[in-house]
2 protein chains.
Amino acid sequence: MSQSDSSSTPTPAGLKLDNLPKKPQPNSPMSRQHGFVPYNSLVTPLLTDMYQVTMCYAYWKANRHEEHAVFELFFRKNPFQGEFTLFCGLEEVLRFVSSFEFSKSDIEYLETVLPNCDPKFLEWLADVDTSKVTLHSMEEGSVVFPRLPLIRVEGPLGICQLLETTLLNLTNFSSLIATNAQRMRLAAGADKKLLEFGLRRAQGPDGAMTASRYACVGGFDGTSNLLAGKLFNVGVAGTHAHAFVSSFRTVADLASTKMGDEEFWEDVEKKREELGFTNTNTSELVAFVAYAQAFPDSFLALVDTYDTLHSGVPNFICVALVLRDKFQRKPVGIRLDSGDLSYLSRQARQMFKKYGLEKAIIVASNDINEDVLQSLSKQGHEIDSFGIGTNLVTCQAQPALGMVYKLVECNGQPCVKLSNEFEKTTLPGKKRVYRLIGKDSVALVDLMKHADEPAPRPGETIRCCHPFVERKRCDVRPSEVIEILKPVFQDSKVLVPMNSVEDARKRVQKQMSILREDHVRSLNPAPYKVSISESYAVFARELWQANQPIELFE
Amino acid sequence: MSQSDSSSTPTPAGLKLDNLPKKPQPNSPMSRQHGFVPYNSLVTPLLTDMYQVTMCYAYWKANRHEEHAVFELFFRKNPFQGEFTLFCGLEEVLRFVSSFEFSKSDIEYLETVLPNCDPKFLEWLADVDTSKVTLHSMEEGSVVFPRLPLIRVEGPLGICQLLETTLLNLTNFSSLIATNAQRMRLAAGADKKLLEFGLRRAQGPDGAMTASRYACVGGFDGTSNLLAGKLFNVGVAGTHAHAFVSSFRTVADLASTKMGDEEFWEDVEKKREELGFTNTNTSELVAFVAYAQAFPDSFLALVDTYDTLHSGVPNFICVALVLRDKFQRKPVGIRLDSGDLSYLSRQARQMFKKYGLEKAIIVASNDINEDVLQSLSKQGHEIDSFGIGTNLVTCQAQPALGMVYKLVECNGQPCVKLSNEFEKTTLPGKKRVYRLIGKDSVALVDLMKHADEPAPRPGETIRCCHPFVERKRCDVRPSEVIEILKPVFQDSKVLVPMNSVEDARKRVQKQMSILREDHVRSLNPAPYKVSISESYAVFARELWQANQPIELFE
């Protein structure tokens, strides 16, 4: 039946998802230990920018490729004009790092791309693995802020450099989509059901898979994407499209007018007459009956194919009443996919009430985004569930998070980048990161210290400095101190459990609950403070000054 | 060395790219014939919205799943406030359709998702293939417009329905990114080199792969993405990042101060003194020498790590002059990655001229988008090549194209969708599409006719009607008539050559050349006319009226 079921000969990556996530892979020394391989077959060491390889070659030529380096992955600005971000993508990063090896054909390809390079470099590259690489990271689903190192990568300079692009790719969009989903969750309210419907508009197949997965991490209840349901064990949902309705014309299109042995269609027609809905589209009514025959206990009808209030909703009511009263089945509700959702949902609810269907569910799914959710809340509406596609999965409001990966230490020496743009200045040196928690378990401030400084302690007064503005400082006396950048990969071993979507989603909820409300509100949220210790501040400023050429104006 | 090199046991999709694109796959009856499988392992029948399967079940229950259906894939509005779109994604669509089969584990998963469905449906689904499906399509890289059917899918209703979401996913972003790339090409001018640098910011691994591929189709010269280079045979480029520069501190970081047997570093230092660049960052100078040692014939330096004009550019000049004059090597140029690109590039060019390096190339790569390109052209600049990342690959200006897939005919009867939103009304029935070409090979208008109407002929006067506004009509006498929706898949066979990126890129250039300049300009472009025949217009209007319930206001 399927290519993937017989595997005596090699099958292409194209059709090989069945045994994916967790089984040990016998052919690789690294993955033999864990069996962690990326979900997506494209996630290989070659999924990188060419300059990583040319840089690596130049390090190798300078005999510096084995020097100990420390890189940090971070971003400079929260997305969506907000003041928080959810960090995601760690699991796929660990899968990638665990299985990092160039294939023979990768090396052959690189030979064509770097025709003049020393063949010994390619021999070295063919043997590269991540056994000497250590990763520290925030947890999947953590609430994070600009400038915090989210992943710290340590190990041989040449190898850590090769990881840059792929790590950025795997964390950038995952974090963005989870943040977007959480913002929509906050805008919709905790009691609404949120479904991700964006597969068709996503940026490629994996754009869709990443979106489905991390929308659920970020607070969504499920997805329309079946492959995501299968691979990530998240809930799936869906009923029918306009095509289904418009494919029906007359009652002759039904295989039978009955359900079981009982007449269905005639009763629906009678009900329509009885209720006085003389003007509804009959082919739509036929389609609804056909759908109800297939799904008598989950009948949810898309009602805007011809006219929502004059055809779709009345037709739904007729079918629903017969389903319920004659067959003791459970009609579920309707989906609105166009028009004024506030008005239409309220009108539909009124009609439901009039005919004793007040509990019918109203799903809405037309170009919904965070602003529409906010605006609907203000106008009032009767929608129970939102299906959100394009604006969620492409993050229309801001389709990229500017994650970067910077060298902060090499060979024991701190490294710095200044740039002509002030905000691109990096924070040099290897750091540890603490979240200082106040009474009532509220997060007060995040604090970065030099890796060799002592950890801050609860109950002590701690001076926290602004990273760039010297005069801005505050004192904090935390009730609790949490070190938030933790070891996740060392000696070829993944040190943390691989999270299920459900675990990550729970962490998101917990993490969001420690933020003050003013950091998460949609309008003019207050920035959460990310600070550095006094001694780190002195160190960083000295290093910046030492590296900045002094301009001479004459 | 790699998992993918030994394959006696099944290897995971995660690491199996080596033998991907074209080899016949022995395990599948369909792909046995062609060997076409999707590039991405996620592109399987389960990469779809759940409602496709629930609808398919309802069709099956109504015994309508084998009825002959016609679906059309189209969009309603050109992206980026423009008046043209490049259609792409056909090849991956054909690979998907050619290899369409549910795997055993897919079926097992669907059983859990549809627990109450008739097991015979799942048996049927397990045997579904596309042998009865026919596809017509525009060519990969065609210039297309709103409302034109880009792909027409015909075959059994149930099966054609199952293809919807995946086809949309595969064409939506591909077309968007190619269009975006072409717009940037138009804004930058034909003489500039354009490189796609977006892998790190793309929406997932495949977002990146799609972007790299279709940016090249749309008019870019290459990409930084090595995997795209390997799989799609497109040019790759890249040099080094800030990390490379900041990893160097002193001359002791060089493996040798020489190149070959000749002293290099000392000459560079002397040159710096000679030219009076006393204020440049020495560690940067060391890094440039290290890079030049590795790439003496392609030395291109990133110059903004510390200060572009006071350190980076002077340091480049010192190394470049020694490379050229002492070693007879070819320094290439610099990359600017921050600051005012117009100003910095002009200043750098002046300095190059002063020191006899006027031909050095200037690459710019900082948050460039179409507007920046337009604005740079107005301000004047000395940039030869642009590296464009985030804004290109995520299509920041508009991250999704609203591609849709609508049923237009079923069982020989035209189908229509009206909706509460006028612009969502569909054009019913199976259509043929003609491009009417005038003198000088300029495209005049596109014309849709009923599939059974006679084709328009060159030299005849043809009445072309606006699809929705009855009073808007024009007469056209074309010199040439091209039918642009052509058969591409029938009887399990792909009927067109699978295009290389280079072929598609050439088609794009050719297609763009038939458009009048006013359709492609960036400011207030004129819409290109998409029309319907008179007899089709009468037919569509009658059908719309027949299906629209008449509201009664009282």
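Letters A, B, ... mirror the listed sequences (proteins, then strands); counts begin at 1. Only this structure's heavy atoms are used, side chains among them; waters, hydrogens and symmetry mates stay out.
With hydrogens and angles disregarded, no donor-acceptor distance shorter than 3.5 Å links the side chain of B:Asn40 to the backbone of A:Leu42. When atom types are taken as modelled, the side chain of A:Arg201 and the backbone of B:Met403 share a donor-acceptor pair closer than 3.5 angstrom. In terms of modelled atom types and a separation under 3.5 Å, the side chain of A:Arg64 and the main chain of B:Ser247 share a donor-acceptor contact. In this structure, A:Gln203 contributes its side chain and B:Thr394 its backbone to a donor-acceptor pair below 3.5 Å.
Counting only heavy atoms from C-beta outward, the side chains of A:Val404 and B:Arg200 never approach each other to under 4.5 Å. Side-chain contact check for B:Phe295 versus A:Asn116: every heavy-atom pair is 4.5 Å or farther apart. Between A:Val416 and B:Ser246, every side-chain heavy-atom pair lies at or beyond the 4.5 Å cut-off. The side-chain heavy atoms of A:Leu407 and B:His242, taken from C-beta on, include no pair separated by under 4.5 Å.
The nearest pair of heavy atoms linking A:Ala243 to B:Phe71 is CB-CE2, 3.8 Å. B:Tyr51 approaches A:Gly238 most closely through the heavy-atom pair CB-C, 3.7 Å. Shortest non-hydrogen contact noted between B:Ala400 and A:Thr390 is CB-CG2, 3.2 Å.
The contact between A:Asp253 and chain B is made by backbone and side chain atoms together, counting heavy-atom distances below 4.5 Å. Contact of B:Val393 with chain A is made through the backbone alone, with heavy-atom distances under 4.5 Å. With a threshold of 4.5 angstrom between heavy atoms, B:Asn172 approaches chain A through side-chain atoms but not through N, CA, C or O. Contact annotation for B:Val113: only side-chain heavy atoms (C-beta onward) come within less than 4.5 Å of a heavy atom of chain A. Proximity to chain A is absent for every atom of B:Leu167, based on heavy atoms less than 4.5 angstrom apart. Only the backbone of B:Leu254 comes within contact range of chain A, with at least one heavy atom under 4.5 Å from a heavy atom of that chain. Within the 4.5 angstrom heavy-atom criterion, only backbone atoms of B:Ala237 (N, CA, C, O) approach chain A. Contact annotation for A:Leu401: only backbone heavy atoms (N, CA, C, O) come within less than 4.5 Å of a heavy atom of chain B.
The aromatic rings of B:Phe248 and A:Tyr59 lie parallel to each other, with less than 30° between the two planes, well short of the 60° mark.
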Could you walk me through whether A:Lys230 and B:Thr112 pass the side chain to side chain contact (heavy atoms under 4.5 Å, CB included) check? CA-CA 10 Å; A:Lys230 180 183 175 187; B:Thr112 67; over 6 Å; no
Checking side chain to side chain contact (heavy atoms under 4.5 Å, CB included) for the pair B:Tyr291/A:Thr54: CA distance, chi angles, key distance, verdict? CA-CA 9 Å; B:Tyr291 197 75; A:Thr54 51; 3.5 Å; yes
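Listed options A:Asp206, A:Leu226, A:Leu168 were ranked by heavy-atom pairs under 4.5 angstrom with chain B; first place goes to A:Leu226. Ranking A:Pro205, A:Ala294, A:Ala62, A:Cys410 against chain B, the residue ahead of the rest is A:Pro205, based on heavy-atom pairs under 4.5 Å. Chain A forms more heavy-atom pairs under 4.5 Å with one residue of B:Ala241, B:Ala202, B:Ala211 than with any other, namely B:Ala241. The choice from A:Glu92, A:Gln161, A:Gln398, A:Gln396 that makes the most heavy-atom pairs within less than 4.5 Å of chain B is A:Gln396. With chain A as partner, the option from B:Phe244, B:Phe197, B:Tyr405 having the largest number of non-hydrogen pairs under 4.5 angstrom is B:Phe244. Of all the listed residues (B:Lys61, B:Arg249, B:Met209), the one sharing the greatest number of non-hydrogen pairs under 4.5 Å with chain A is B:Arg249. By number of non-hydrogen pairs under 4.5 angstrom with chain B, the leading residue of A:Leu199, A:Thr426, A:Thr210 is A:Leu199.
With A:Ser224 as the fixed residue, the side-chain hydrogen bond (donor to acceptor under 3.5 Å, both in side chains) test singles out one of B:Thr165, B:Thr48, B:Asp49: B:Asp49.
Within the structure, salt bridge (Lys or Arg N to Asp or Glu O under 4.0 Å) pairs that include any residue of residues 398-408 of chain B do not occur (at least two apart or interchain).
Under the salt bridge (Lys or Arg N to Asp or Glu O under 4.0 Å) criterion, A:Asp118 pairs with no residue at all, not counting sequence neighbours.
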